[in-house]
Amino acid sequence: MAIHGSLFKDFKENQSTDPFVLQNKKLLKISMAYGPVLALTGSMVAYQGDVRFQNKGSGGFNKILKSAMTGEGVKMMNCEGNGELFVADQAKEIQVMYLENDEISVNGSSVLAFSSSIDWDIHRIQARGGMMTGGMYNVSLRGTGYVAVTTKGDPIALDVASAPTFADAQAVVMWTAGVNMDIKIDTGGLGSMMRGGTGEALQMRFGGQGYVLVQPSEVWWPRALSRPRLDEARCA
């Protein structure tokens, strides 16, 4: 008896021993030989060896409080042991990067996994126009180590220094250190509002030096658009 066909050849494991290795566009292999990692709770699809998981929740009381206040929660699990861990998130595309004493600001729903050497926190986005929306919140990842984020479809990395850059708030995945952001409210005028608007009222305007990553999908950004000023003061 034998199994014929190319299934087990075409989808064979990528044998690279790097810390974070894409098996395909939607599946990430993490080598546990480099130490513990934090991964999105429930993102494990398989592992080989002896990998143990501990629910970190929102990452301590301070982050839990911010999560409750802002609606921007990221539930992570601590993964440690030996062997190889495979993670994914609802068949979204995965983007891997290495931070070297650097920082990025990420939509919380796009965080998949990162090295335990990376420090993370929920932070309020500083934007002049943000006062009009009641505040927006994001997740900062900073330090040295690997980071994996997810996108719905293949993203585009826009160099904000090359030209004035605007993006739909629901399509923005992340931006790099050195990038500044403001909120632009575009109602399209009174006539447009009476007809129901264009659907593009809340836009992000980027400047400075660096990149903003935009996905070809408009998913709701977990954010607080009308929080009382007291909530913002507690979380700032």
Side-chain angles (χ1 to χ4, degrees), residues 19-20 22 28-32 34-44 51-81 85 87-90 92-127 130 135-151 155 157 169 172-181 204 210-213 215 219-224 227 231-232 234-236:
F20 279 34
L22 286 175
L28 174 68
K29 179 176 76 173
I30 301 174
S31 173
M32 303 307 300
Y34 296 88
V37 299
L38 279 87
L40 180 68
T41 299
S43 62
M44 184 275 289
V51 182
R52 298 174 298 279
F53 307 91
Q54 179 183 8
N55 184 19
K56 299 287 287 185
S58 295
F61 179 76
N62 189 45
K63 294 189 182 75
I64 292 174
L65 178 61
K66 289 183 179 180
S67 174
M69 292 290 190
T70 66
E72 181 72 28
V74 182
K75 293 184 178 180
M76 307 300 294
M77 58 184 180
N78 188 68
C79 314
E80 57 182 305
L85 169 65
V87 296
D89 183 18
Q90 299 181 355
K92 298 176 185 176
E93 281 74 14
I94 300 173
Q95 320 300 330
V96 176
M97 67 200 80
Y98 181 78
L99 301 186
E100 187 173 359
N101 193 27
D102 210 334
E103 182 175 1
I104 55 177
S105 183
V106 187
N107 180 334
S109 64
S110 296
V111 177
L112 178 63
F114 50 88
S115 305
S116 60
S117 56
I118 296 291
D119 185 34
W120 69 286
D121 201 359
I122 300 168
H123 71 101
R124 180 183 175 190
I125 297 172
Q126 300 298 320
M136 297 180 66
Y137 297 84
N138 218 355
V139 176
S140 64
L141 299 171
R142 58 185 177 274
T144 298
Y146 284 86
V147 173
V149 301
T150 58
T151 60
V172 173
V173 176
M174 56 160 281
W175 59 86
T176 61
V179 172
N180 54 67
M181 187 279 294
M204 288 181 167
Y211 292 89
V212 57
L213 196 69
Q215 64 186 0
V219 294
W220 180 251
W221 184 299
R223 59 183 180 268
R227 295 286 175 180
D231 283 5
E232 294 183 5
R234 288 174 178 171
C235 299

> How far apart are the C-alpha atoms of L38 and S116, what are their side-chain angles, what is the distance that settles it, and do they pass the side chain to side chain contact (heavy atoms under 4.5 Å, CB included) test?
Replying inline: CA-CA 6 Å; L38 279 87; S116 60; 4.1 Å; yes
> Can you tell me how far the NE2 atom of H123 sits from the CD atom of E103, to the nearest 0.5 Å?
Replying inline: 7.0 Å
>> So, taking the atom named CE in M77 and the one named CE in M44, what distance separates them when rounded to the nearest 0.5 Å?
In response: 6.5 Å
> Once you round to the nearest 0.5 Å, how far does CG of N101 lie from OG1 of T144?
Replying inline: 5.0 Å
>> With rounding to the nearest 0.5 angstrom, report the CG to CD1 distance, L99 to I118.
In response: 4.5 Å
> Under 4.5 Å between any side-chain heavy atoms of L22 and I94, yes or no?
Replying inline: yes
>> Name the residue from N138, N107, L213 that meets the side-chain contact (heavy atoms from CB on, under 4.5 Å) definition with W175.
In response: N138
>> As an exercise, state the distance from OG1 of T176 to CG of D102, rounded to the nearest 0.5 Å.
In response: 7.5 Å
> Given side chains that start at C-beta, do those of K92 and S110 come closer than 4.5 Å, heavy atoms only?
Replying inline: no
> Can you tell if the side chain of V212 reaches within under 4.5 Å of the side chain of M181, non-hydrogen atoms only?
Replying inline: no
> Under the ring-ring contact (aromatic ring centres under 6.0 Å, His included) test, which residues partner Y146, sequence neighbours left out?
Replying inline: F20, Y98
> Do you know which two heavy atoms are closest between Q95 and P155, and how far apart they sit?
Replying inline: NE2-CD, 3.5 Å
> Measuring from L141:CG to S115:OG, what's the distance to the nearest 0.5 Å?
Replying inline: 10.5 Å
> Are any of the side-chain heavy atoms of V111 and M76 separated by less than 4.5 Å?
Replying inline: yes
